[in-house]
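Data block below; observations after.
Order of the sequence lines sets the chain letters (A, B, ...), proteins ahead of strands, with each chain counted from 1.
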There are 2 protein chains.
Amino acid sequence: MPENTLYPHVSVDCVVLGFDGSQFNVLLLKRTGIEGSQTFNDLKLPGGLIFSDENLDDAAHRIVGEHINTNALFLKQFKSFGSPSRTSHPRDVHWLEKAVQLKIGRIVTIGYLALLRISSTLRFHSKDVQAIWVPLQQVGTLAFDHNQIVEEAVREVCEIVVRDPSTVFNLLPKRFTASQMRVVYEALFGQPLDVRNFHKKMSRMPYVVPLDEFEKQVAHRAARYYRFDKKIYFKVYGGFYPGRSSLYGQ
Amino acid sequence: MPENTLYPHVSVDCVVLGFDGSQFNVLLLKRTGIEGSQTFNDLKLPGGLIFSDENLDDAAHRIVGEHINTNALFLKQFKSFGSPSRTSHPRDVHWLEKAVQLKIGRIVTIGYLALLRISSTLRFHSKDVQAIWVPLQQVGTLAFDHNQIVEEAVREVCEIVVRDPSTVFNLLPKRFTASQMRVVYEALFGQPLDVRNFHKKMSRMPYVVPLDEFEKQVAHRAARYYRFDKKIYFKVYGGFYPGRSSLYGQ
DNA sequence: ACAAAAGTGTTCCGCATACACCCATGC
DNA sequence: GCATGGGTGTATGCGGAACACTTTTGT
């Protein structure tokens, strides 16, 4: 089957990062396979071959959508991976042949990154027993080159948030307190942030609007709720971020 | 040939941006094809299918290397393009069948961006009559979706330079004057920059070291030369840029 | 002496950083 | 009343932005 070596397959792999209020988790799927005469269980990213008439973004939505509701999901292509050896581990070769029902020569994969908050209302699709959230710190050895893909995705996240501050609100509920927002930033940057300075930073964001609503039933002073205002945000940034290019002319 | 629709091909397309001292140019290849009974001439990005045992970065180097010397070339993957219709224009279908000698169903392409300076010593490989530099402002309608690819690459450039200031020095000679460097930034940001502020900015960059060498034979005050010091740069930045992620733990 | 580009200093403002105490609430 | 987390103000320093004149050199 020379076609299979000449013509690589194309897949999409999705690094779905969910913030649970204190840390980041990645959505992984349980995989069972055979290596030699042994069976093994490990984990992989949600991913799959693209359909012949499907564009990349659609494929990514479809693949994530097999496990969670993707309405209004932040989902962004971030990097492609095409090492010829990325699917050549015996475990992976064997698993692929069973899963895809094709002899696979090589797969180039397009990496997608999704950001969302893990809320009490977020549910895996019914009967989806293979999908689990794994805290980033506890991710072990994954299938294929998926550790590398996760690593690169994580590297992306901060840059995305810095470039476009509105993306953090994907990680927060509609109403959120200042400390919820601060905890997200602390997780992103891996260090504690000064509370007073963070309040000032927030108050300098015109698109973070304070509400006249407060926490209830808490064993301490009730925190104020805020919300993110998209319209104000786009008015402020005008759709462009600082450092935009104008190489095509002013 | 159902394989061809099921298994897309994978190519690499390279947006090679060359700065000529005053503006950015993109490396394009002349293409001659047939549409209906007419022949036509237009331009395309350098690109091609990946080899079966080649990784993506290597393919990009190979493809750019067919036209210019890629020693120490800044070359970076920036985005993939996979619309099913991106190669479906009749001109492109016909041209591909001749060029690739295969019936092509669909091509997913990985976009690469290269940055370099166009110097007097830069030469296209001998007899390479198809490769030309086209100023970005003068780029017309290109083959396939190459206009879109160029557009996205140009959008990338500023962000890359902002994230990693050392990349600008790919666009400058080893020794450069302050105004040469300023002109690069002005072209990048599409606006004139204040001369005094730019000098201060430069003097705040420890890795831009002033030399005791000056222009000669110029009909005005001779400008000082500077050089970029990689070692100092990496000492300053430690290999990391501000806003790096530490999601894996501190 | 003139044309042409190089080089230089000050002020103002916004933002980041560092730092310590009082407030509201439930138990 | 105490434990728990929420909320607040001041001082300092750096870097971005605005702004005009003198210096050097070849012709």
Side-chain angles (χ1 to χ4, degrees), chain A residues 21-22 158 161-163 165 168 172-173 175-227 236-237 240-244 246, chain B residues 21-22 158 161-163 165 168 172-173 175-227 236-237 241-244:
Chain A
S22 63
C158 275
V161 172
V162 169
R163 262 211 304 270
V168 284
L172 288 165
R175 291 189 324 169
F176 52 88
T177 66
S179 56
Q180 286 179 312
M181 183 164 165
R182 183 167 43 82
V183 167
V184 173
Y185 274 93
E186 288 176 340
L188 280 168
F189 297 124
Q191 51 179 292
L193 298 176
D194 182 87
V195 184
R196 281 170 292 190
N197 292 337
F198 192 79
H199 272 270
K200 270 181 296 183
K201 190 175 186 159
M202 275 181 74
S203 64
R204 258 185 266 112
M205 300 178 178
Y207 46 86
V208 175
V209 317
L211 304 176
D212 285 327
E213 304 169 38
F214 295 83
E215 283 181 326
K216 279 171 184 160
Q217 316 275 50
V218 287
H220 52 80
R221 180 170 170 180
R224 179 186 288 274
Y225 283 114
Y226 297 80
R227 68 179 178 82
V236 172
Y237 284 91
F240 289 110
Y241 309 115
R244 74 180 184 281
S246 310
Chain B
S22 63
C158 274
V161 171
V162 169
R163 263 211 304 270
V168 285
L172 287 165
R175 290 190 325 170
F176 51 87
T177 66
S179 55
Q180 286 179 311
M181 184 164 164
R182 183 168 43 80
V183 167
V184 173
Y185 273 93
E186 288 176 340
L188 280 169
F189 297 124
Q191 52 177 291
L193 297 175
D194 181 87
V195 184
R196 280 170 291 189
N197 291 338
F198 192 81
H199 272 270
K200 270 181 296 181
K201 190 176 187 157
M202 276 180 74
S203 65
R204 258 185 265 113
M205 300 178 177
Y207 46 86
V208 175
V209 317
L211 304 176
D212 285 327
E213 303 167 39
F214 295 83
E215 282 181 327
K216 278 171 186 162
Q217 316 274 50
V218 286
H220 53 79
R221 181 168 170 181
R224 179 186 289 274
Y225 283 113
Y226 297 80
R227 67 179 179 81
V236 172
Y237 284 91
Y241 310 116
R244 74 182 183 280

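For the pair Arg227(A) and Val208(A), the minimum side-chain heavy-atom distance is 4.5 Å or more.
The stretch residues 192-208 of chain A participates, sequence neighbours left out, in no salt bridge (charged side-chain N to carboxylate O under 4.0 Å, His left out) pair at all.
Distance Leu193(A) CG to dC15(C) P: 17 Å, rounded to the nearest Å. Atom CZ of Phe198(B) is separated from atom P of dG9(C) by 18 Å (rounded to the nearest Å). At whole-Å resolution of the value, CE in Met181(B) and P in dG7(C) are 13 Å apart. Rounded to an integer number of Å, the gap from Arg182(B) CZ to dT8(C) P is 13 Å. Here the C1' atom of nucleotide dG7(C) and the NZ atom of Lys201(B) are 18 Å apart, to the nearest Å.
The CG atom of Leu188(A) sits 5.0 Å away from the SG atom of Cys158(A) when rounded to the nearest 0.5 Å.
Listed by chain and residue number, Arg175(A), Leu211(A), Tyr225(A) satisfy the side chain to side chain contact (heavy atoms under 4.5 Å, CB included) test with Glu213(A) (two or more places apart in sequence, or in another chain). For Phe198(B), the ring pair (Phe, Tyr, Trp, His ring centres under 6.0 Å) test picks out Tyr185(B), with sequence neighbours left out. Evaluation of the side chain to side chain donor-acceptor pair (under 3.5 Å) rule for Arg221(A) yields no partner, not counting sequence neighbours. Residues forming a side chain to side chain donor-acceptor pair (under 3.5 Å) with Ser203(B) (at least two apart in sequence, or on another chain): none. By the salt bridge (charged side-chain N to carboxylate O under 4.0 Å, His left out) test, Glu215(B) pairs with no residue at all, sequence neighbours left out. With sequence neighbours excluded, the residues satisfying side chain to side chain donor-acceptor pair (under 3.5 Å) with Ser22(A) are Asp20(A).
Note on Ser179(B): only backbone sugar-phosphate atoms sit closer than 4.0 angstrom, heavy atoms only; bases stay farther off.
Chain B approaches DNA chain D over the interval dG15(D) to dG26(D), counting the first and last nucleotide 5' to 3' with an atom under 4.0 Å from its heavy atoms.
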### Summary
In B/S/- notation (B base, S sugar-phosphate only, - none; protein heavy atoms under 4.0 Å), nucleotides 19-27 of chain C written 5' to 3' is BB--BBBS-
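Taking five base pairs at each end of the helix from dA1(C)-dT27(D) to dC27(C)-dG1(D), the local helix axes there meet at an angle of 10°, rounded to 10°.
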Name every donor-acceptor pair, under 3.5 Å, that has one atom in a side chain of residues 176-184 of chain B and the other anywhere in the protein, sequence neighbours excluded.
from	atom 1	to	atom 2	distance (Å)
Thr177(B)	OG1	Ser179(B)	OG	3.4
Thr177(B)	OG1	Gln180(B)	N	3.2
Gln180(B)	OE1	Thr177(B)	N	2.9
Arg182(B)	NH1	Glu186(B)	OE2	3.2

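Taking every heavy atom of both residues into account, Pro165(A) and Tyr237(A) meet most closely at CG-OH, 3.7 Å.
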